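Remarks on the structure that follows.
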Amino acid sequence: YHGRDLETASTLDNKMIYNYLEESIKSLATHYDSITVIGFSYGGLHLANLASNNKIPENAKIILYAPSTYISSNDWGGFLKVFSYSYIFRNYCNYKNLGCEYPIYESTDEEGRELLDREITLRYRVMPAVLAMYMLDRKTRGIIERINRPFFLIVARDDNRINSEKTLKECRNNSQCKSILFSSGKHCIHYGKHKHHFFETVRRIATSS
């Protein structure tokens, strides 16, 4: 829907995506007795935000997969670096020494690198898009604790993109949250050696009563 070229990625808009997802999920839910919605990373944060605002239909099961709450690089230093770079230099960065080269192999294990290579994505960081994600992360901290309906959280202990401990703590503070913790797999469990276990876990949730 967005982010396949520099122009659309540079105009990434959190509110637009929130509204688009809300309408899309509502529309889909009208055609089925039950649906399962999986939000991964940035999408997981949007799904959590929708759920906390009671914008998800009752017949939808929710899986937050490594939602981008507590992004590891989103400390004040990282935030200011992205903010400054996008306003002083240009709206994209492809310098490897600044962590701007894609794919980021550290986001998965050795077995997942081949699949990561095949992913259709921009091969650099679009700074306005990163800034929008950082701002949404900061704005919605604590969002998992505020969801008032049953949902699942899937995360790897060694996730290198988000702080899994803080995310799991929010889940523990919400009696409606059920966490599923993978010992490894980093941010992209679905690419690596645990991918079959991951998909079986999702299938089991989706088909359970």
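Positions are given from 1, in the same order as the sequence printed here. On a predicted model such as this, the values are computed, not experimentally measured, just so you know.
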Check step by step if ring-ring contact (aromatic ring centres under 6.0 Å, His included) holds for Tyr124 and Tyr95. CA-CA 8 Å; Tyr124 45 80; Tyr95 293 111; over 10 Å; no
Rounded to the nearest 0.5 Å, what separates atom [atom1] in [X] from atom [atom2] in [Y]?
X	Y	atom1	atom2	result
Leu153	Cys177	CG	SG	5.0 Å
Ser208	Arg204	OG	CZ	9.0 Å
Glu106	Arg161	CD	CZ	8.5 Å
Arg125	Ser86	CZ	OG	11.0 Å
Ile62	Ile35	CD1	CD1	9.5 Å
His194	Thr201	NE2	OG1	11.0 Å

Side-chain H-bond candidate by donor/acceptor type, [X] with [Y], under 3.5 Å:
X	Y	value
Asn94	Glu101	no
Ser73	Tyr134	yes
Thr69	Thr167	yes
Asn91	Ser10	yes

Below 4.5 Å, heavy atoms only, C-beta onward: do [X] and [Y] meet side chain to side chain?
X	Y	result
Ser179	Val155	no
Tyr42	Ile17	yes
Glu170	Tyr70	yes
Ser184	Lys193	yes
Ile189	Lys195	no
Asn59	Asp33	no
Asn14	Leu12	yes
Asn74	Arg141	yes

How close do [X] and [Y] get, heavy atom to heavy atom, and via which atoms?
X	Y	value
Ser68	Ile162	CA-CG2, 3.7 Å
Ser164	Asp159	CB-CB, 4.4 Å
Asp109	Gly192	OD1-CA, 3.0 Å
Ser72	Asn160	OG-O, 4.0 Å
Ser27	Thr30	O-OG1, 2.6 Å
Met127	Cys93	SD-CB, 3.8 Å

Worked verdict on Lys26 versus Glu22 for salt bridge (charged side-chain N to carboxylate O under 4.0 Å, His left out): CA-CA 6 Å; Lys26 282 183 178 178; Glu22 179 185 358; 3.0 Å; yes
Does [X] use its side chain to pair, donor to acceptor, with the backbone of [Y] at less than 3.5 Å?
X	Y	value
Asn174	Ile147	yes
Asn173	Glu145	no
Arg90	Tyr92	yes
Asp158	Lys186	yes
Asn53	Asn49	yes
Thr36	Lys61	no

Measure up the His46 and Tyr18 rings against each other and bin them: parallel (under 30°), tilted (30 to 60°), perpendicular (over 60°). tilted
Give me the ring orientation class for Phe89 and Tyr85: parallel if the planes are under 30° apart, tilted from 30 to 60°, perpendicular past 60°. tilted
Does [atom1] in [X] sit with more than 12 non-hydrogen atoms of other residues, nucleotides or ligands closer than 6.0 Å?
X	atom1	value
Glu200	CD	yes
Lys81	NZ	no
Lys139	NZ	no

Can you tell which of Ile143, Thr140, Leu47 makes a side chain to side chain contact (heavy atoms under 4.5 Å, CB included) with Ser52? Ile143
The single option from Leu64, Val202, Ile38 that satisfies side chain to side chain contact (heavy atoms under 4.5 Å, CB included) with Ile154 is Val202
Do [X] and [Y] belong together in a cluster built from hydrophobic side chains that touch within less than 4.5 Å?
X	Y	result
Val37	Phe199	no
Ile63	Phe151	no
Leu181	Tyr65	no
Leu80	Met135	no
Leu50	Tyr32	yes

According to side chain to side chain donor-acceptor pair (under 3.5 Å), does anything in residues 112-123 pair up with another residue at least two apart or in another chain? List the pairs. Tyr105-Asp117, Glu114-Arg118, Glu119-Tyr191
Are Phe40 and His187 close enough, and set up right, to give a ring-ring contact (aromatic ring centres under 6.0 Å, His included), and what steps lead you there? CA-CA 9 Å; Phe40 169 56; His187 194 57; 5.2 Å; yes
Give the C-alpha distance, both sets of side-chain angles, the deciding distance and a yes or no for side-chain contact (heavy atoms from CB on, under 4.5 Å) between Lys55 and Leu21. CA-CA 10 Å; Lys55 298 295 185 180; Leu21 291 174; over 6 Å; no
Please say whether the positively charged group of Arg138, taken as NZ for Lys or CZ for Arg, lies over the ring of Phe79, i.e. under 6.0 angstrom from the six-membered ring centre and within 45 degrees of the axis. yes
Quick one, Thr11 with Glu7, criterion side-chain contact (heavy atoms from CB on, under 4.5 Å). Give me CA distance, side-chain angles, the key distance, then yes/no. CA-CA 7 Å; Thr11 57; Glu7 182 180 359; 5.6 Å; no
